[in-house]
S.K.: 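Handing you this structure, nothing more for now.
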Number of protein chains: 2
Amino acid sequence: MTTAPASASSDSDTRLRLLAAAAEVFAEHGFRAATVRDICTRAEANIAAVHYHFGDKEALYHEVIERAVQAALTAFPPDYGLPPDPTAKDRLHAFVHSFLLRVLTVEKTSVLMRMLTREMVEPTAALDRLVEKVQRPLFRMLHGIVAELSGPHTPPETVLACSQAVVAQCLFYKHAEHVISRMGHRLPATPTEIAHLADQITEFTLGGIERRARASRGDRTS
Amino acid sequence: MTTAPASASSDSDTRLRLLAAAAEVFAEHGFRAATVRDICTRAEANIAAVHYHFGDKEALYHEVIERAVQAALTAFPPDYGLPPDPTAKDRLHAFVHSFLLRVLTVEKTSVLMRMLTREMVEPTAALDRLVEKVQRPLFRMLHGIVAELSGPHTPPETVLACSQAVVAQCLFYKHAEHVISRMGHRLPATPTEIAHLADQITEFTLGGIERRARASRGDRTS
DNA sequence: GAATATTTCAAACGTTCATTTCAATCGACC
DNA sequence: GGTCGATTGAAATGAACGTTTGAAATATTC
């Protein structure tokens with residue numbers, strides 16, 4: 001029986017090469033279309049290496065996802081660049097900025113994030129864990145910020161919708177990247193462009209929240 | 001040689017059944033994971049029927065996409081429910097509302113729209129035509145509306161960003177539907193819910209545009 | 001340095017799938 | 001009702017893929 005992988009935390013050399021290659025291939029083609037052969041070729045490993053080190057293709061995928069999320073959140077945590085004693089607006093900006101950095105930075109993390117994008121549209125078993133471990137806590141954090149910006153008398157439904165609008169704006173540039181480039185529009189990629197986009201989205205959101213909150217107070221000034 | 005399909009406009013019975021079944025299966029599984037066998041079974045047709053009527057799986061896919069877009073835009077054109085002599089705000093609302101109806105309505109069109117969602121994340125050759133024929137004209141229309149709402153002195157970059165924010169908010173509920181439902185949030189589906197969401201997005205957007213336009217005029221009132 | 005465990009390797013297995021083939025069937029037209 | 005083109009049917013083909021196998025190579029341990 002050659003089933004059992006080595007101890008769970010063994011990071012042999014080929015094992016790491018497999019993980020790196022798998023991240024590339026899964027991000028590029030998705031879980032199903034990615035082939036074990038391709039991954040092993042890029043990792044300069046034998047076909048059987050996946051079976052030996054991870055058990056099967058799906059277990060490899062899970063570990064890649066796990067590490068991807070870890071890496072992205074470590075590199076750009078949601079309080080990225082936050083000054084001490086931040087205002088709610090500061091926290092919104094940091095949330096948006098770090099979100100965009102995770103999603104758009106051309107380094108490793110963005111390649112990894114493409115996997116999550118695919119998971120959202122075409123879920124595998126990995127999505128459930130992902131939602132619970134990552135997306136729910138992040139959204140809860142955002143929801144708190146938006147609630148604070150909306151003021152105390154804003155109905156929860158409005159706060160929810162505004163929070164979703166923030167996520168929507170951030171994810172858009174990843175979800176629609178192929179359309180955006182085909183339309184001839186620039187896709188933010190450099191730190192400067194991403195920071196600028198974060199400013200824009202933050203401002204747009206503040207305007208939206210303000211107007212929605214005003215409307216929910218019954219104002220009709222506009 | 002049994003290659004050539006009948007005349008391009010022949011709508012034989014099995015041909016139509018194949019198109020209907022293919023729309024279901026492609027929407028459910030995506031192009032690659034969908035199997036010709038599954039499609040033919042659901043259409044109560046023989047496996048060879050796809051080859052006979054369409055040539056191959058990809059040609060079938062293209063025709064399904066073509067018809068899907070046609071159907072969705074016919075059912076809910078971007079000026080859906082627009083009053084005569086509409087204001088810019090009216091036109092924005094109609095654009096958003098029809099967009100959401102195409103994307104979220106639980107009837108045929110939404111199933112079909114799921115294919116387009118997949119195309120955006122995992123493009124096939126069909127996306128290029130789609131962008132040119134559908135998305136570019138629609139976006140140009142939206143861009144005009146947003147430009148009008150922003151006022152004459154708003155930089156084009158801001159108008160572009162605000163237009164993208166609108167698309168982002170509308171697409172979000174389709175792109176992230178699996179996450180939204182896993183988070184326990186309600187996904188708008190009934191005409192009432194969709195209309196309500198359209199109101200919310202329109203208001204949010206107006207607030208965003210207003211603030212961005214104000215900022216680009218150099219105001220710092222806020 | 002022999003014994004043992006770990007890791008790699010080439011080859012093959014079994015399955016799934018799109019596509020093809022060719023005979024059978026159907027339908028319209030003379 | 002016989003003929004011919006259009007359509008359907010059952011079976012086969014060939015390629016791609018994940019997985020498995022068992023031996024060879026390498027590292028580890030005593």
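Numbers restart at 1 for each chain; the letters A, B, ... are given by sequence-line order, proteins then strands.
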S.K.: Let's see if you can work this out: which of C:dT19, D:dT19, C:dC9 has an atom nearest to the side-chain heavy atoms of B:Lys57?
M.R.: C:dT19

S.K.: When you get a sec, tell me which of C:dT19, D:dG18, D:dT21 is the closest nucleotide to the side chain of B:Ile47?
M.R.: C:dT19

S.K.: Will you find, in the side chains of A:His53 and A:Thr14, an N or O donor that is under 3.5 Å from an N or O acceptor?
M.R.: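 A pair is found: one side chain offers a donor N or O, the other an acceptor, under 3.5 Å apart.
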
S.K.: Nearest whole Å is fine: how far is C:dC17 P from B:Asp38 CG?
M.R.: 9 Å

S.K.: Which whole-number value in Å describes the distance from A:Asp56 CG to D:dT19 C1'?
M.R.: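 For the pair A:Asp56 CG and D:dT19 C1', the rounded distance is 9 Å.
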
S.K.: Does A:His53 have a side-chain nitrogen or oxygen under 4.0 Å from the phosphate oxygens OP1 or OP2 of C:dT8?
M.R.: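 Yes, within the criterion.
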
S.K.: Rounded to the Å, how far apart are B:Glu44 CD and D:dA10 C1'?
M.R.: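 For the pair B:Glu44 CD and D:dA10 C1', the rounded distance is 18 Å.
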
S.K.: Just checking A:Ala33: base, sugar-phosphate only, or nothing, at a heavy-atom cut-off of under 4.0 Å?
M.R.: nothing

S.K.: What is the distance, rounded to the nearest whole Å, between atom CZ of A:Phe26 and atom C1' of D:dC17?
M.R.: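 Distance, rounded to whole Å: 13 Å.
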
S.K.: Between B:His93 and B:Asp199, do the side chains contain an N or O donor and an N or O acceptor separated by less than 3.5 Å?
M.R.: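 Short answer, yes.
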
S.K.: Look at the side chain of B:Arg37 and the base of C:dA18, then say whether one donor and one acceptor between them are separated by less than 3.5 Å.
M.R.: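 Yes.
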
S.K.: Would you say a side-chain N or O of A:Asn46 is under 4.0 Å from OP1 or OP2 of C:dA10?
M.R.: yes

S.K.: Does the side chain of A:Ser12 get closer than 4.0 angstrom to OP1 or OP2 of C:dT7 through an N or O atom?
M.R.: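 So the side chain of A:Ser12 is outside the cut-off, no N or O lying under 4.0 Å from OP1 or OP2 of C:dT7.
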
S.K.: For the pair A:Arg17 (side chain) and A:Ala45 (backbone), establish whether a donor and an acceptor sit closer than 3.5 Å, ignoring hydrogens and angles.
M.R.: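 No; judged by distance alone, with no hydrogens or angles, the pair does not exist.
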
S.K.: Rounded to whole angstroms, how far apart are CD1 on A:Ile39 and P on D:dA16?
M.R.: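 It works out to 18 Å between those atoms.
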
S.K.: Which comes earlier along DNA chain D counting from the 5' end, the contact point of B:Thr14 or that of A:Val36, where each point is its nearest nucleotide?
M.R.: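 Whichever sits nearer the 5' end wins; that is B:Thr14.
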
S.K.: Strictly under 6.0 Å, is that where the ring centroids of A:Phe26 and A:Tyr61 end up?
M.R.: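 They qualify: ring centres under 6.0 Å apart.
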
S.K.: Provide, to the nearest angstrom, the distance between the NE2 atom belonging to B:His29 and the C1' atom belonging to C:dC17.
M.R.: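 Those two atoms, NE2 and C1', are 14 Å apart.
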
S.K.: In this structure, how many angstroms lie between the P atom of D:dA25 and the CG atom of A:Asp13, rounded?
M.R.: 21 Å

S.K.: Can the ring centroids of A:His185 and B:Phe139 be said to lie less than 6.0 angstrom from one another?
M.R.: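 Yes - the distance between ring centres of A:His185 and B:Phe139 falls below the 6.0 Å cut-off.
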
S.K.: Of B:Ala49 and A:Thr35, whose nearest nucleotide on DNA chain D comes first from the 5' end?
M.R.: B:Ala49

S.K.: Which whole-number value in Å describes the distance from B:Phe54 CZ to D:dT7 P?
M.R.: 12 Å

S.K.: Within less than 4.0 Å of OP1 or OP2 of C:dT19, is there a side-chain N or O belonging to B:His51?
M.R.: no

